[in-house]
Amino acid sequence: MASTSMSRQRKRPVYSDSDSDSDNEPLAMRGPLMRAKRKSSNLSGSDSGSESDQPLSSKAKPKANGILKAVVPNGSSASKPSIKKPKKDAAPLPTKEKLSKKIKKEKSSAVPTPVAVKSESIGRSRVKKERGAPSPPTKIAGNASRLIDRKPLIKAESSLAASSQNGSEFSEMEEDEYKWWLENKDNDGPKWQSLEHSGVLFPPDYEPHGVPLIYKKSSVKLAPPVEEVATFFAAILGTDHAVNKVFQKNFFDDFKEILDQHMPGHPIMEFKHCDFTHIRAHLDEQSSKRKAMTKQEKETAKRLKMAVEDKYSFCMLDGRREKVGNFRIEPPGLFRGRGAHPKTGKLKQRVMPEQVTINIGKDAKIPDPPPGHRWGQVCHDNTVTWLAMWKENINGNTKYVFLAAGSSLKGQSDMRKFDKARSLVLHIDAIREQYTKDLKSPDMAECQRATAMYLIDRFALRAGNEKSDDEADTVGCCSLRCEHIKLEPPNIVHFDFLGKDSIRYERTTEVDRLVWKNLRSFQKGKNKSPSDMLFDRLTTASLNKHLQTLMPGLTAKVFRTFNASYVFQKQLANTPANGTEAEKILAYNRANRDVAVLCNHQRSVSKGFQGQMTRIEDKLLAVRYQRMLLKKYLLEISPKLAKKRPDLSEREPGVTPKWIKAYLLATCELDRDKLKKKFERDNEKLQEAGEPLIPELKLKEQIAEINAREKAINDGTYEPEPPVAKTATTDKVLEKIDKLAERIKNIEVDKIEKDENKTTALSTSKLNYIDPRISIVWCKKYNVPIERIFNKTLREKFTWALEADKDWVF
DNA sequence: TTTACCACTTAGAAATTGCGCA
DNA sequence: TGCGCAATTTCTAAGTGGTAAA
């Protein structure tokens, strides 16, 4: 909304095709997999899977050998001399002229004049003051208003203290929305003026269960602190961690230490003789008990939990109630490092109040530490946003308690992030021109920097800070080693390395020929071995320092946000304007998926995936079969329709005689089971009521009917009944057929989406990289309710973007 | 200039909740 | 009404990038 960049002249980046086969768009997203999946789609509409209909003006076509070929924006090969100039108006971004109009419009709304802002949450209006002035006291109903309207806001008898005395008063206050985005909030300077909160919530003390560890087939009763650690291991049995040798070793080293300390003279010497299964059985039993609780018991437990957490859930920031994020101190457990983390399995110790620093307003009441304890430190630092912090014992990292994602502080920072990425639109042409020039630089540092910038810009690579030996061996752009790329002339690069969270980045693509030559020279440099740094004259710090000279505030990570949002906006142009809501959402999710592929956001395939796909397939065929029966019946009662509606004579794909037989037989099996269950249930009820039971003969009769049906199916004499009342008119049958058609379409969309999302996680890009205003504007344009694409959490996180004008572009 | 530290964002997995279907 | 699956939420590890200290 009130973007800082709006007053400047905005221009669309020009995607030029240089002689050095430069293709100025992120390429990484154009994987062969994606194309193949698209091709498998049999849906109509603009995103039908036809290559020519594909969204990217610059598409990668998998070559016969599976190599991804980089192509220029118009779709032709970048490496071929016959490159067509990209049509500058083809991109979804508006023209310069339109933009300047838009800017004028935005300019006028960028500086918010005092306006009456309607509070959506409670339907009241209030008048916002001019920006820069302090926020007005928030008007809040009932007791709460007493707490908030007071001036000065926080005194010895603080609002929070008052609220915490009577439980949830504080958090039940009626909320009045504070539209911080209508103010021009300064990034520098203090983050808050006053801050009240209730501190942090500690995990409960350990309660021993007394289940022994089995060592060399003998029971060993463990001392409670030892039992606790053994129970941590029992809890991870069945996961990959439990069989990871490093995890086992690290765990056992720490376990042994606890054993030596609390049970001197214990017999436990080797991990391989430890049997945690009894403890695990106990945990499973506990879990089953929890699951078996009645609805009411569950509700009571939930209410009790909420009552305890209530006071920690909210804080008062500058007199406004804000949600706290992770107010819980992390419980002790085993460190689950990702990938090949050398410390995985080590014991994460219990955090004591004495280790915790509380950050709170000077005038606020300091929350009470748990009885018998004191806080490590209390500070009043308003230049930071955290409410509490402590150091964990595994890596010595600091853990912070921050406000929730939907809070004003996080929202402001988010909006700034996207505005910054958006302002890169204005600089990207010059930046690309500059680094393309620098690719030829005789200065090695400059040449490496330009090459790295190309990779960061085109493949959305992370910066790649250096890491120490006691972390997993993962890399980003600047920390790539020679072994992470393989070069194939004239310009093909195979990337294969582990990125953040040890997620594999594996991609084969064409690059600019100069980039390829540079990479070869960096790789084959003097005495370089595979484990040497590819960019040995480059650091993230030096790269970012250079980026700052190109655009204020520009760092390597801004390219990821910029490219993600830009690609997303562009791909959304493939939304079928006249499609159904499901088809529009499919197009939306596909654009989202393109971004996720670009950013390499992966997820592991869930265990039951194949089974789920088979079930969807079965469901689809079953509905098709129903439609087939209806069509057949309709032509029997109205043979004249055959000419008018040739579709009624069309075969249902996949519904073969073999499938029909198997399906009908499976139905018999299912029906028998159902009958038996119903019979038992009914009789149980009758017995409870003291009424006469249904005789078993009745059940046997019904089962005999099913058996006869089964025999007829096997004999090939079975004639299925049409799934419609015999009295139904032709119109009624037609109506039913149309309904089934819609159902089939929906199942097909589900199936395609499920398959396409198998290994790609869409949520990360949606949450962190795609400017939410693009989605909101899309919803307005295509008349899709925002709830269909943003869940409650996302809507809360992106409240600042909800009012984006329908003409807004990234 | 390098290193350590700090504050924050980004990330996938796991846990929990909700919902549709038989 | 219960079950299975999907969606959502929670959890916390693992990044980035700025700055102060060595």
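Order of the sequence lines sets the chain letters (A, B, ...), proteins ahead of strands, with each chain counted from 1. Only heavy atoms go into these numbers, but all of them, side chains included; no hydrogens, no water, no symmetry mates.
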Is [X] close enough to [N] that one of its side-chain N or O atoms is under 4.0 Å from OP1 or OP2 there?
{"X": "A:Tyr769", "N": "B:dA11", "answer": "yes"}
{"X": "A:Thr385", "N": "B:dA7", "answer": "no"}
{"X": "A:Ser763", "N": "B:dG12", "answer": "no"}
{"X": "A:Asn791", "N": "C:dT8", "answer": "yes"}

In whole angstroms, how far is the [atom2] atom of [N] from the [atom1] atom of [X]?
{"X": "A:Asn359", "N": "B:dC6", "atom1": "CG", "atom2": "C1'", "result": "13 Å"}
{"X": "A:Arg290", "N": "B:dA15", "atom1": "CZ", "atom2": "C1'", "result": "11 Å"}
{"X": "A:Met389", "N": "B:dC6", "atom1": "CE", "atom2": "P", "result": "6 Å"}
{"X": "A:Ile789", "N": "C:dA7", "atom1": "CD1", "atom2": "P", "result": "15 Å"}
{"X": "A:Leu767", "N": "C:dT8", "atom1": "CG", "atom2": "P", "result": "12 Å"}
{"X": "A:Phe790", "N": "C:dA7", "atom1": "CZ", "atom2": "P", "result": "16 Å"}
{"X": "A:Lys792", "N": "C:dT10", "atom1": "NZ", "atom2": "C1'", "result": "13 Å"}
{"X": "A:Leu387", "N": "B:dA7", "atom1": "CG", "atom2": "C1'", "result": "13 Å"}

May I ask you to say whether [X] pairs ionically with [Y], meaning some side-chain N is under 4.0 Å from a carboxylate O?
{"X": "A:Asp284", "Y": "A:Arg280", "answer": "yes"}
{"X": "A:Arg773", "Y": "A:Asp419", "answer": "yes"}
{"X": "A:Lys797", "Y": "A:Asp414", "answer": "yes"}

Handout entry: Axis bend over the full length of the helix from B:dT1-C:dA22 to B:dA22-C:dT1, computed from five pairs that close each end, to 10 degrees
Key =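 Roughly 0° between the end axes, to the nearest 10°.
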Handout entry: Most 5' of A:Asp381 and A:Ala761 on DNA chain B, judged by nearest nucleotide
Key =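 Nearest-nucleotide comparison on DNA chain B picks A:Asp381.
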Exercise for the section: Between A:Lys619 and A:Lys417, just flag the one whose closest nucleotide in DNA chain B comes earlier from the 5' side. Expected result: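 In this pair, the answer is A:Lys417.
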Practice task
Fit a plane to each ring of A:Phe247 and A:Phe233, take the angle between them on a 0 to 90° scale, and name the class: parallel (under 30°), tilted (30 to 60°) or perpendicular (over 60°).
Solution key: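 The rings of A:Phe247 and A:Phe233 sit tilted, inter-plane angle from 30° to 60°.
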Exercise for the section: Measure up the A:Trp386 and A:Tyr400 rings against each other and bin them: parallel (under 30°), tilted (30 to 60°), perpendicular (over 60°). Expected result: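 It falls in the tilted class, 30° to 60°.
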Practice task
Start with the C-alpha distance between A:Tyr505 and A:Phe459, add both sets of side-chain angles, then the distance that settles ring pair (Phe, Tyr, Trp, His ring centres under 6.0 Å), and finish with yes or no.
Solution key: CA-CA 11 Å; A:Tyr505 185 99; A:Phe459 303 111; 7.5 Å; no
Exercise for the section: Under 4.0 Å between any heavy atoms, over every strand shown, what does A:Arg560 touch: base, sugar-phosphate, or nothing? Just pick one. Expected result: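 Sugar-phosphate contact only - A:Arg560 comes under 4.0 Å of backbone atoms but never of a base.
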Practice task
Using a 4.0 Å heavy-atom cut-off across all strands, classify A:Lys291 as base, sugar-phosphate, or nothing.
Solution key: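 A:Lys291: no heavy atom of the nucleic acid under 4.0 Å.
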Handout entry: Beyond-backbone contact of A:Asn592 with A:Phe568, side-chain heavy atoms, under 4.5 angstrom
Key =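 Contact flag for A:Asn592/A:Phe568 side chains = yes.
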Fill in the blank from the handout: Quick tally for nucleotides 11-22 of chain C: nucleotides whose base has a protein heavy atom under 4.0 Å get B, sugar-phosphate-only ones S, the rest -, giving SSSBSBBS----
Exercise for the section: Please identify each residue that fulfils salt bridge (charged side-chain N to carboxylate O under 4.0 Å, His left out) with A:Arg672, with sequence neighbours left out. Expected result: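 For A:Arg672, the residues satisfying salt bridge (charged side-chain N to carboxylate O under 4.0 Å, His left out) (neighbours in sequence not counted) are A:Glu669, A:Glu710.
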Handout entry: A:Tyr400, nearest nucleotide to its side chain (from B:dC8, B:dA13, B:dT9)
Key =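 Comparing B:dC8, B:dA13, B:dT9 against the side chain of A:Tyr400, the answer is B:dC8.
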Handout entry: Nucleotide of B:dG12, B:dT10, B:dA13 approaching A:Thr764 most closely (side-chain heavy atoms)
Key =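 The listed nucleotide nearest to A:Thr764's side chain is B:dG12.
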Handout entry: A:Glu330, A:Glu392, A:Glu228 screened by salt bridge (charged side-chain N to carboxylate O under 4.0 Å, His left out) with A:Lys348, the one that passes
Key =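 Checked A:Glu330, A:Glu392, A:Glu228 against A:Lys348; only one passes salt bridge (charged side-chain N to carboxylate O under 4.0 Å, His left out): A:Glu330.
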Handout entry: Pair A:Phe335 + A:His341: ring centers closer than 6.0 Å
Key =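 Yes - the distance between ring centres of A:Phe335 and A:His341 falls below the 6.0 Å cut-off.
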